[in-house]
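Worksheet for the structure shown next.
On a predicted model such as this, the values are computed, not experimentally measured, just so you know. Lettering follows sequence order; numbering is per chain, from 1.
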Number of protein chains: 2
Amino acid sequence: MLAAASVVFGERGYAAATTDQIAAAAGVSQAYVVRVFGGKENLFVEVARRAIDRITTAFRGAIAESNSTGSDDPKPVEARLGEAYIDLIADRGILLSLLQIFSLGHDPVIGPIGREGFLSIYRVVRDEAGLAPADASRFMSEGMMINTVLALQLQESPDPDAAEMVTEVCGGDLGRFRSLAGTYPTT
Amino acid sequence: MLAAASVVFGERGYAAATTDQIAAAAGVSQAYVVRVFGGKENLFVEVARRAIDRITTAFRGAIAESNSTGSDDPKPVEARLGEAYIDLIADRGILLSLLQIFSLGHDPVIGPIGREGFLSIYRVVRDEAGLAPADASRFMSEGMMINTVLALQLQESPDPDAAEMVTEVCGGDLGRFRSLAGTYPTT
DNA sequence: AACAGTAGTAATCGGCTGATAACATGTCAA
DNA sequence: TTGACATGTTATCAGCCGATTACTACTGTT
């Protein structure tokens, strides 16, 4: 049900998503969705937490992978983190759930969750991956740009300016973005 | 009415905003809002266009200002653009309308508007401000980060990590962000 | 067997929302 | 004056949505 909710919230947005659509996607009844989570808002809170948790988990995996390779580093940590991030939010459910969280930053319930989640990701990047504040901050910026590009589906645009920008964003590996086009829920 | 709609759409999100709330904010009747714009979606389209238009206009202003100063450049163009951007989206209506547009990137009506708008901003930064593609792209990334920070209201967070990150984002000028806290509609 | 807990559904309801229809008023040209 | 048009309003509706209630079915425990 959480997975279904993530997809539907992402597709439609928090407010526009209906518990009925989520129920249908999960293969259960609408009443059940409402009762199990105690309301639509609580359900979104769970989805939000889960999305943030998946990011920190993915980052810790990338960091561990980076540490396990010998002192010869074919890839810097940042590259591994970036790849992990792109692979993760290629899932449009997670990506758009994130954007919803940001949009709800002033909400008394969602807001604190979003702030704490964003900071927790920053701390992982800075403390666990060992990036300097300036580098960690720049890394987050790139992440936000990736969010936008994927949300707007600019990687599929035929416009040469779009291709130029997207190439710049993903470090030259435009194919990685393109191959993610239309990726939907494995969630 | 457009100004009111921008604020309300921003506060509540596209789907959650009601034509009645917009009407109340604009001081007219709900029916009038619907009829003048031919429906809620059309109204949002106008708001979206206006938001993007204000960004390109502000950027052109900053570029002109930069050109008018002599060949001695106390500030590079990028700094001027950045300041113009921050001043503009301190208006939470514009900021959140932008985020709504991004979230609706897959929408058949809003999607193309968002893509074209984003690219038009990129072109202004690259062609009219004369930034190289890599620099223009990085500039956009920083913009997306600023969006997120302001949406989450991280500039008001008492957390030292938040302060560190925000300081990094705004180029050391944390005061500029802080002073914008709670800025609402001049729109 | 009786009971309790878990997992789930169908039916229904009250409130909200976007849209429509019908009406009121003011302005300006012919 | 009359008519066309812009600028509004009030009243009302048809549909949707989240939530509640009451019910069923299964599983394990004592």
Go through it in stages, so that I can follow the logic: the residues are B/Y32 and B/F37, the test is ring-ring contact (aromatic ring centres under 6.0 Å, His included), and I'd like the CA-CA distance, side-chain angles, deciding distance and then a yes or no. CA-CA 9 Å; B/Y32 192 49; B/F37 292 94; 8.8 Å; no

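- Salt bridge present: B/K75 and B/E83 bring a charged side-chain N and a carboxylate O closer than 4.0 Å.
- With respect to the salt-bridge test (charged N to carboxylate O, under 4.0 angstrom), the residues B/R126 and A/D161 qualify.
- Residue contacts for A/S29: at a heavy-atom cut-off of 4.0 Å it reaches a base atom on one of the strands shown.
- Using a 4.0 Å heavy-atom criterion, one finds that B/A16 contacts no nucleic acid atom at all.
- Atom C1' of nucleotide C/dG18 and atom CZ of B/F44 are separated by 17 Å, given to the nearest angstrom.
- Atoms CZ (A/R35) and P (D/dA22) sit 13 Å apart, rounded to a whole Å.
- Taking atom CG on A/L43 and atom P on D/dC17, their separation rounds to 16 Å, with Å as the unit.
- The interatomic distance linking A/E41 (CD) with D/dC17 (C1') rounds to 16 Å, in whole Å.
- Following rounding to the nearest Å, A/Q30 (CD) and D/dA19 (P) show an atom-to-atom distance of 8 Å.
- The CZ atom of B/F37 sits 16 Å away from the P atom of D/dA6 (whole-angstrom rounding).
- In this structure, the NZ atom of A/K40 is 15 Å from the P atom of D/dT20, given to the nearest Å.
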The test is side-chain hydrogen bond (donor to acceptor under 3.5 Å, both in side chains); show your working for A/Y85 and A/N147 and say whether it passes. CA-CA 10 Å; A/Y85 186 65; A/N147 288 349; 2.6 Å; yes

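- Put simply, B/Y32 has no side-chain N or O that comes within less than 4.0 Å of OP1 or OP2 on D/dT9.
- Nucleic acid contact class of A/V28 (heavy atoms, under 4.0 Å, all strands): sugar-phosphate only.
- Atom CG of A/D20 and atom P of C/dA11 are 14 Å apart (whole Å).
- Between D/dG18, C/dT20, C/dG18, one nucleotide has an atom nearer to the side chain of A/T19 than all others, and that is D/dG18.
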